[in-house]
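Here the structure comes first, spelled out in structure tokens, and everything after it is commentary.
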Amino acid sequence: MPMPIPISTPPLLEARGLTKFYGDRLGCRDVSFDIREGEVLAIVGESGSGKSTLLSLLSGQLPASAGEVLYRTRAGEIRDLAALSEAERRFLFRTDWGFVHQDAARGLRMGVSAGGNVGERLMAVGARSYGAIRAKAEDWLDRVEIDPTRIDEPPTAYSGGMRQRLQIARNLVTAPRLVFMDEPTGGLDVSVQARLLDLVRRLVADMGLAVIVVTHDLAVARLLSHRIMVMKQGRVIEEGLTDRVLDDPRAAYTQLLVSSILQP
Amino acid sequence: MNAPLSPQTAPAATGYNFAYLDEQTKRMIRRALLKAVAIPGHQVPFAARDMPMPYGWGTGGIQVTAAILGSGDVLKVIDQGADDTTNAVSIRAFFQKTANVAVTTRTAEATVIQTRHRIPEKPLKAGQTLVFQVPIPEPLRFLEPRETETRVMHALADYGLMHVKLYEDIAKHGHIAKTYAYPVEVEGRYVMDPSPIPKFDNPKLSMSPALQLFGAGREKRIYALPPFTRVKSLDFEDHPFEPTRFEAPCALCGATDSYLDEVVTDDRGTRMFVCSDTDHCEERRADGHRGLLAGDDLVDTITREADVERDDGAPIVPLP
Amino acid sequence: MTHSDPVLSVEGVAKSFVMHLRGGLTIPVVGDVAFTVAAGECVVLGGPSGAGKSSILKMVWGNYGIDRGAIRVRSADRLVDVATATPREILGLRRTTMGYVSQFLRAVPRVATLDVVMEPALAQGLAETEARARAQGLLTRLNVPERLWTLPPATFSGGEQQRVNIARGLIADVDLLLLDEPTASLDAANRAVVVDLIEAKKAAGVAMLGIFHDGDVRDRVATRIVDVSAFAVREIAA
């Protein structure tokens, strides 16, 4: 999957020795990596492997027990996420970052129309023209292949696949640079998954997004990501180029994961 | 606010402290009020007391009034604009009994006006204090139920959600459907619920020479607008805030610029629209202004002076 | 470094698979592979089936890791060792320097044939119109009917998929092309087209490393044949 990767720029986000303990229990240990604009990193592993903990640490939603996450802001400053104020963190979350949840109900306001869902971030950063907000929402619904005439319907009237696409529109409307995705295709039918993945691929390429996607589905990882980190019991046990990890897995656990996929 | 700092020596009703509340409670409330005035639009928690009346009867407003009332004050109490409804009469009687203060129905004469759901039509002056009774102080409540979260949202001025609500209104109804408790932004900072006043009154909140205090008893919150605070009703550039307008003038006093209540006059559905601010309406009638249904003497007047213009400039025509 | 330096230099490369799920069984693939490919050369890997020819292509492509040795690819006056390069560097090589025509097309669902073919050219920064024109030219030459261009290739016949794959592999301007049986499922006419395309690339100075089972095609395109069985691991690790 060749997509432009600017090698000269410094990383957008860099994790160094990230470790999280919940009391005595290990969440994840000593995770380090970096990601640049235009790159998609997949974090794979089974439930309880520490993927979700890692995602929460990376997005600043959970304080790390050790290690740090550095982020390059739009102003070009390198900031330690732990040192951001709550106001700065929230500002990042509604401008420069996106978060696509597996459960659309967590990522959408289910009682608010699709247009309101997409427009919320715009209004949060000061958009005050109803017409302009609506036009932008319509444009984004169209881009995620939702009929713009359904702009006034709430997500409850949408199918599962449409809800996920609406989440994506809601997140991308402010042109973020980094998007976190937590099992974005979980629970969707296979044909619906394919459509979503294709959409994400195109948006990543068009917008030069950096994406960190957590998934247990290796097919999703292969289709979307440039690199893979395989996690087991809180540690990264293998990482590398996506096709290298999937076609020539080194670690016993990765071999087990790969050999467990059903080939159509 | 002429309240003395030392306890009142001559309580009106024996067995009660001046204005019912004990002095330590009043101090506590005054501290909350000072903080509220210092941070316009910010909700300040206070230890609301149980009052000898149920929640919903204005316990928040009454505590604020009790805390600021001095023996020299002249008190006016209105309920939806009227001085003579049960709630207004009861609260006025309460303070007459417990503080023996002078009371009035005239807006101009009052130093403290406690109100439920209206701002008087007559412009307020410097030195006057308007005390609002507030049922729900949190403007974000119905968008975000978690109090912990709404507090953070206020702290960070994270108000995108508020506009989502207005957006939804326009998408659904073609206009912002909220007609009362219409949210405002105070001095470009805090978003505030002005209590369930009609949005007609919202413009009066801004740059008022009077001090405006808001008390929510059940929810134990106080907030304030010091004199000459800029208050802006939330809106969109292409859907600007518009106060309610009435098509007909007041049926009694002919006023075209006041907030009107609908009154059903018989059991056949006959209705009339009259000023909700009873004092304002009476004062205008005393000054000779007449609406279409002001009584027989009015009809006589109209018959005699058919070319007299109404207050809105339209010629007065005789009733059929 | 001069232009006559090899574009690809494989040095002492060994590769084995360790099957952890089978008690750590080690399956050797190749040991001590060494050869070079210069610009304008088409080096064909020879040897019996199972000798590791495809594996060598995958190692050069960065798709398989290696146990030992170096795989140096010249990229804009720089030598990049695929064996030690970061994923980012390998992706960079694949975008700017290397092309790969695999035996099977791994089609992305829902992406139209024309877009599948254009993608490597666009990734190199070619303008959309020019990339489209090139893709159309290649598909026409490879006899992929125009009515198929807007459809995703997943449902095409083996031969059609193979030709889409070849078009995709050849569209970008690269210095090194890896060809894994590009003519395997083609008829004689299309085989001839592919041979012509390879000859043209060769003439343009592209270095090529390929596997061709078809002796006729091999004889026509090969500059040199490297016998992979010479690199076979003789003693199996205990």
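Throughout, a chain's letter reflects where its sequence line sits, starting with A, and its residues are numbered from 1. This structure is a prediction, so every number in the text was calculated from the model and none was measured.
- Counting non-hydrogen atoms of other residues, nucleotides and ligands closer than 6.0 Å to NZ of B:Lys35 gives a total of 12 or fewer.
- In B:Tyr180, the OH atom is not crowded: 12 or fewer heavy atoms of neighbouring residues, nucleotides or ligands sit closer than 6.0 Å.
- Comparing A:Gly119, A:Ser113, A:Ala132, A:Gly126 by how many heavy-atom pairs each has under 4.5 Å with chain B, the most go to A:Ser113.
- Inspection of non-hydrogen atoms places B:Glu149, B:Val152, B:Met153, B:Leu156, B:Asp158 of residues 149-159 of chain B under 4.5 Å from chain A.
- The shortest non-hydrogen separation linking A:Gly111 to B:Glu168 is O-OE1, 4.3 Å.
- Considering only heavy atoms from C-beta on, A:Ile133 comes within 4.5 Å of B:Phe236 through its side chain.
- Here the closest heavy-atom approach between residue B:Ala171 and residue A:Asp152 is recorded as CB-OD1, 3.5 Å.
- Once rounded to the nearest 0.5 Å, the distance linking CG of B:Leu143 with CZ of A:Arg109 reads 7.5 Å.
- For B:His239, the part lying under 4.5 angstrom from a heavy atom of chain A is the side chain only.
- For A:Arg202, the CZ atom sits in a packed shell: over 12 heavy atoms of surrounding residues, nucleotides or ligands are nearer than 6.0 Å.
- When the shell of 6.0 Å around CZ of A:Phe91 is examined, it contains 12 or fewer heavy atoms from other residues, nucleotides or ligands.
- Applying the 6.0 Å contact sphere to CZ of A:Arg74 captures more than 12 heavy atoms from other residues, nucleotides or ligands.
- Scanning all heavy atoms of the two residues, the minimum distance from B:Asp238 to A:Tyr130 falls at OD1-N, 2.7 Å.
- With chain B as the partner, the residue from A:Arg94, A:Glu86, A:Arg134, A:Met123 showing the most heavy-atom pairs under 4.5 Å is A:Met123.
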